[in-house]
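Per chain, numbering begins at 1; letters A, B, ... match sequence-line order. Values in this document were obtained by computation on a predicted structure and should not be read as measured data.
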Protein chains: 2
Amino acid sequence: MSVEIDETDRAILRILSRDAALGAAQIGARVGLSQPAAWRRIRRLRDSGVLAGRRLELDREKLGLGVTVFLGIKLAAKGRVALEDFERAVSAIREVARVEHMLGLYDYRLRVVARDLADFERVLRRRIMTLPGVGQVEANVLLSEERRPGPL
Amino acid sequence: MSVEIDETDRAILRILSRDAALGAAQIGARVGLSQPAAWRRIRRLRDSGVLAGRRLELDREKLGLGVTVFLGIKLAAKGRVALEDFERAVSAIREVARVEHMLGLYDYRLRVVARDLADFERVLRRRIMTLPGVGQVEANVLLSEERRPGPL
DNA sequence: ATTGAAAAGACTGCCAC
DNA sequence: GTGGCAGTCTTTTCAAT
């Protein structure tokens, strides 16, 4: 079920991608539409599912969560049951902020958030390494990241 | 500059993490506060920088962007100039939706979005492999992902 | 924390193109 | 079909108590 998206819709998505808190009036002003017209387009994008939702961007540092580590995980066994067991166990770990199921050298990548490196080590040893079916694990510490609008 | 955050603030952040479109009234109802009281806490979190912003969640499939690939990149040289050259060149590639600078086996990880695998191959060969200072490149195709509130 | 009031923004018909 | 205008209604925002 594809959706018709013209250049004006793309412009709206680009603007909203940078700041989803903007109102229909301000968006309309930037793309040359009245407030109701812009609002109608936004509702259409929402109803069609292109706009799936709005999410918070948090400052983890100010929340006392200074360490973000990406874990690339290769499973020892890769049957259906192994994947389900692993995903269920991962979902129970509060420190896991994101689970990416991938095809390639690694089967999963986890974004793990912790207060500091000592806290991360505790999570790694007591939670991650005890996950069912875990084979090779690779860790990378996040230094900085930049989000970009992507090919809209 | 740390910010005092109590359990009610955390509850508000947890609720907003799932749906940032909710208003102060609905948030207040869920944490047992009046609408102005909830609004004041939200403004305090925003002013203190804990709430850094609101971002869109898009359905890439419906936008005709069906392929997401993560590229782990190891640079050949790692001087200050090499990092800056690489980051500047990466910023010019529209298909790069995210740039993560990391410490570990890989120096950078890129989230690349493309229409399909043929489109991705074009980006990989003409944009990524021609980036300055690129050494080893590892690719993983995203199958599915789940975002979780993390340790709030 | 509650009330109330002003302002901003979201939403709806109706009409023109 | 899309957009604009005018209006209603809801929510936000900020007083006052």
Any carboxylate oxygen within less than 4.0 angstrom of a Lys/Arg side-chain nitrogen, looking at [X] and [Y]?
| X | Y | answer |
| --- | --- | --- |
| A:E57 | B:R54 | no |
| B:R14 | B:E7 | yes |
| B:D6 | B:R41 | yes |
| B:R111 | B:E145 | yes |
| A:R44 | A:D47 | no |

Got a list of protein N/O to nucleotides 7-12 of chain D N/O distances below 3.5 Å?
unit_1	atom_1	unit_2	atom_2	d
D:dT12	OP1	B:A24	N	3.3

Can you tell me how far CG of A:L103 sits from OG of B:S144, rounded to the nearest 0.5 angstrom?
-> 11.0 Å
Would you tell me if any nitrogen or oxygen in the side chain of A:R41 comes within less than 4.0 Å of OP1 or OP2 on D:dT2?
-> no
Does the side chain of B:S34 get closer than 4.0 angstrom to OP1 or OP2 of C:dT2 through an N or O atom?
-> yes
Pairs under 3.5 Å (Watson-Crick or G-U), crossing ones as [ ], inter-strand ones as |: DNA chain C comes out as |||||.|||||||||||
Nearest heavy-atom approach of B:L13 to B:L45 is CD2-CD1, 4.0 Å
Measure [atom1]/[X] against [atom2]/[N] and give the value in whole Å, please.
| X | N | atom1 | atom2 | result |
| --- | --- | --- | --- | --- |
| B:I42 | D:dT13 | CD1 | C1' | 12 Å |
| A:D9 | D:dT2 | CG | C1' | 12 Å |
| A:L33 | D:dT2 | CG | P | 12 Å |
| A:I27 | C:dA10 | CD1 | P | 9 Å |
| A:R46 | C:dA10 | CZ | C1' | 10 Å |

Polar atom pairs between nucleotides 14-16 of chain C and protein, under 3.5 Å, N or O only, would you list them?
none

So among A:R122, A:R115, A:R127, which one has a salt bridge (charged side-chain N to carboxylate O under 4.0 Å, His left out) with A:E95?
-> A:R122
Where does the angle between the aromatic ring planes of B:Y108 and B:H101 fall among parallel (under 30°), tilted (30 to 60°) and perpendicular (over 60°)?
-> parallel
Taking A:Y106 as the fixed residue, which of A:E138, A:E100, A:K74 is the one that meets the side chain to side chain donor-acceptor pair (under 3.5 Å) rule?
-> A:E138
State whether the side chain of B:R55 and the backbone N or O of A:S17 hold a donor-acceptor pair below 3.5 Å, judged by distance alone.
-> yes
